[in-house]
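The structure appears right after this line, and notes come after that.
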Number of protein chains: 2
Amino acid sequence: MIEIAIYGKGGIGKSTLSANLSAALALAGRRVLQIGCDPKHDSTRLLTHGQKPTTALDYMRVTNPLDYKIEDILLQGFCGVGCVEAGGPEPGVGCAGRGIISTFDLLNQFQLKERYDTIIYDVLGDVVCGGFAVPIRQEYADIIFIVTSGEFMALYAANNILRGIRNYDNEKKRVAGILYNRRDIEGEDEHVLRFAQAVGLPICAVIPRSDAFIQAERTNMTVIEQGSDRDIIDIFLTLARKIANGCTLYAAKPLTDELLEVVVQGR
Amino acid sequence: MIEIAIYGKGGIGKSTLSANLSAALALAGRRVLQIGCDPKHDSTRLLTHGQKPTTALDYMRVTNPLDYKIEDILLQGFCGVGCVEAGGPEPGVGCAGRGIISTFDLLNQFQLKERYDTIIYDVLGDVVCGGFAVPIRQEYADIIFIVTSGEFMALYAANNILRGIRNYDNEKKRVAGILYNRRDIEGEDEHVLRFAQAVGLPICAVIPRSDAFIQAERTNMTVIEQGSDRDIIDIFLTLARKIANGCTLYAAKPLTDELLEVVVQGR
Ligand SMILES: Nc1ncnc2c1ncn2[C@@H]1O[C@H](COP(=O)(O)OP(=O)(O)O)[C@@H](O)[C@H]1O
Ligand SMILES: Nc1ncnc2c1ncn2[C@@H]1O[C@H](COP(=O)(O)OP(=O)(O)O)[C@@H](O)[C@H]1O
Ligand code: SF4
Ligand SMILES: [Mg+2]
Ligand SMILES: [Mg+2]
């Protein structure tokens with residue numbers, strides 16, 4: 001079994017890329033489980049044609065543990081991909097990451113992960129704390145991808161995620177690299193290239209900013225399922241193949257704030 | 001004394017707008033203290049010509065409480081604006097919001113707020129939990145502004161912030177309204193207008209996406225101090241005047257996820 005965590009700033013495209021990657025891995029014959037770890041709980045919509053999942057946290061709030069049935073929170077998506085959403089507590093009340101911890105406990109109770117050979121964690125990366133830091137732990141993610149664009153805010157978050165990984169345990173190298181999701185802004189390629197070089201990570205995939213994603217999203221599908229954009233489909237099939245063949249893994253080497261600014265913005 | 005909390009999604013422009021508003025309020029004769037409540041700790045750079053502040057959390061980590069001196073973490077900025085940064089713990093280690101709680105305790109120890117008549121809290125709004133939820137408490141913010149653009153992610157965060165406010169205590173109306181910081185994307189005005197109407201909040205200021213901010217940022221100044229963009233300066237002076245004369249305050253009336261999508265995206 002391989003467990004993959006996909007981190008990045010909120011809104012950067014984690015769920016879009018996770019869902020398309022899950023679809024590509026499933027097409028390649030893998031048994032995939034995608035676990036949404038963002039309080040936004042919309043990670044798996046593109047795999048389930050927009051079905052509204054019952055989040056694990058909401059489910060546990062109203063259900064007697066003796067009555068727990070994993071089918072109540074597990075949706076079947078495109079090409080057999082299993083879909084679960086952690087959810088989160090009400091804003092202003094409790095730890096936003098708590099849903100993730102409770103969800104993992106529940107999934108462990110049912111040994112759900114054992115039914116799959118590939119687990120994808122789609123995790124909010126704006127604050128690397130509480131439950132959001134849990135997939136970084138060694139008993140969870142075997143490999144970690146960071147989604148970023150060339151915008152400073154996204155690279156700042158990427159660098160912060162590297163700090164979180166280093167602080168947990170950098171003995172075992174677990175960062176596969178960067179998934180560069182283009183925002184189509186000026187000088188973007190340069191920013192991401194310089195950042196990647198400075199932190200010693202490969203850019204494992206470059207995803208174009210494309211209407212194909214927006215079109216597919218309108219019908220609550222991945223671009224993989226929608227099937228019309230051959231180039232984008234190939235990008236995800238290639239990434240899926242890389243993962244299946246085994247990615248080289250690297251240590252997390254975050255930059256200081258000062259160096260990050262110099263590297264990205266040249267000042 | 002009036003205490004103003006400025007919330008919004010990371011990267012939306014909170015610090016830029018907070019610093020320019022603080023500068024405008026100071027020009028109008030108020031004694032302003034700006035407290036940065038984002039682990040990015042760069043809230044006050046535009047007021048201090050880029051000085052790197054010692055964050056309260058870093059300071060407390062290395063200083064004997066008997067040796068605490070408020071001057072060590074308080075920077076003097078443009079037009080007498082006082083500047084403090086909460087900072088945060090290392091990513092992956094502890095609660096990202098903890099710096100805020102510790103900072104408030106420290107400031108209370110020195111009764112720092114009493115030296116000012118206007119407090120501006122610049123607060124990360126991606127997760128409304130832990131320390132990030134503290135300025136929402138009644139003993140802190142008297143009035144709350146939410147910074148947003150027309151992007152769905154920003155409006156989702158704005159709606160989430162309203163949930164946090166409502167969950168704390170909605171008996172006392174404390175939301176002044178929306179600060180619309182344009183991102184210049186298609187159909188943006190419409191999205192923000194529909195959101196504002198649906199949640200019953202006024203748009204208190206519309207800030208154009210402008211190179212004036214980027215130019216001023218290059219020399220680590222607010223547009224107010226830089227002095228060249230008369231229109232933008234007027235926007236902030238007008239907002240400062242509205243605040244000084246007393247804003248009408250509203251209850252937080254967040255939308256359900258479903259309604260938010262229908263309202264913003266028309267589906
Ligand atoms: N490469 C891309 N091209 C065009 N739109 C994109 C692309 N990646 C993401 N998006 C859009 O950006 C928005 C945010 O993406 P999402 O995957 O939900 O972000 P996250 O999960 O990181 O919060 C979605 O509306 C999505 O369709
Ligand atoms: N109205 C605007 N026009 C142009 N650039 C802006 C505007 N508002 C913010 N920015 C830029 O966007 C970036 C993020 O703004 P910032 O205030 O740091 O966001 P936040 O504090 O919400 O994380 C900064 O580089 C800033 O100069
Ligand atoms: S640990 Fe992180 S997610 Fe949990 S309350 Fe603190 S800031 Fe929020
Ligand atoms: Mg997502
Ligand atoms: Mg900021």
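Order of the sequence lines sets the chain letters (A, B, ...), proteins ahead of strands, with each chain counted from 1.
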Please identify, among B:G97, B:C129, B:P254, the residue contributing the most non-hydrogen atom pairs under 4.5 Å to chain A.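 The candidate making the most pairs under 4.5 Å is B:C129.
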Looking at A:K9 and B:G10, would you say the former's side chain and the latter's main chain have a donor-acceptor pair under 3.5 Å?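 Checked: pair present.
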Side chains of [X] and [Y], heavy atoms from C-beta outward: is any pair under 4.5 Å?
{"X": "B:V93", "Y": "A:V128", "answer": "no"}
{"X": "A:H41", "Y": "B:D257", "answer": "yes"}
{"X": "B:R166", "Y": "A:E90", "answer": "yes"}

Tell me, side chain or backbone of [X] under 4.5 Å from chain A's heavy atoms, or both, or neither?
{"X": "B:F152", "value": "neither"}
{"X": "B:I165", "value": "neither"}
{"X": "B:K40", "value": "both"}

Pair A:R45 + B:E261, salt bridge at N-O below 4.0 Å: yes
Can you tell me if CD on A:E171 sees more than 12 non-hydrogen neighbours from other groups inside 6.0 Å? no
Contact class of A:L124 relative to chain B, heavy atoms under 4.5 angstrom: side chain
Tell me, for A:D42 versus chain B, whether the close heavy atoms (under 4.5 Å) come from the side chain, the backbone, both or neither. neither
Output the option from A:P89, A:G164, A:C95, A:P39 having the highest count of non-hydrogen pairs under 4.5 Å with chain B.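 Among the listed options, the one with the most contacts to chain B is A:G164.
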Where is the tightest heavy-atom contact between A:N160 and B:P91, given as atom of each residue plus distance?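 So the minimum-distance heavy-atom pair works out to OD1-CG, 3.2 Å.
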Might you point out which heavy atoms bring A:G92 and B:A133 nearest each other, and give the distance in Å?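 Distance-wise, the nearest heavy atoms are CA-CB, 4.2 Å.
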Interface residues of residues 178-193 of chain A facing chain B - heavy atom cut-off under 4.5 Å: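 So far as heavy atoms go, A:R183 are the residues that approach chain B to under 4.5 Å.
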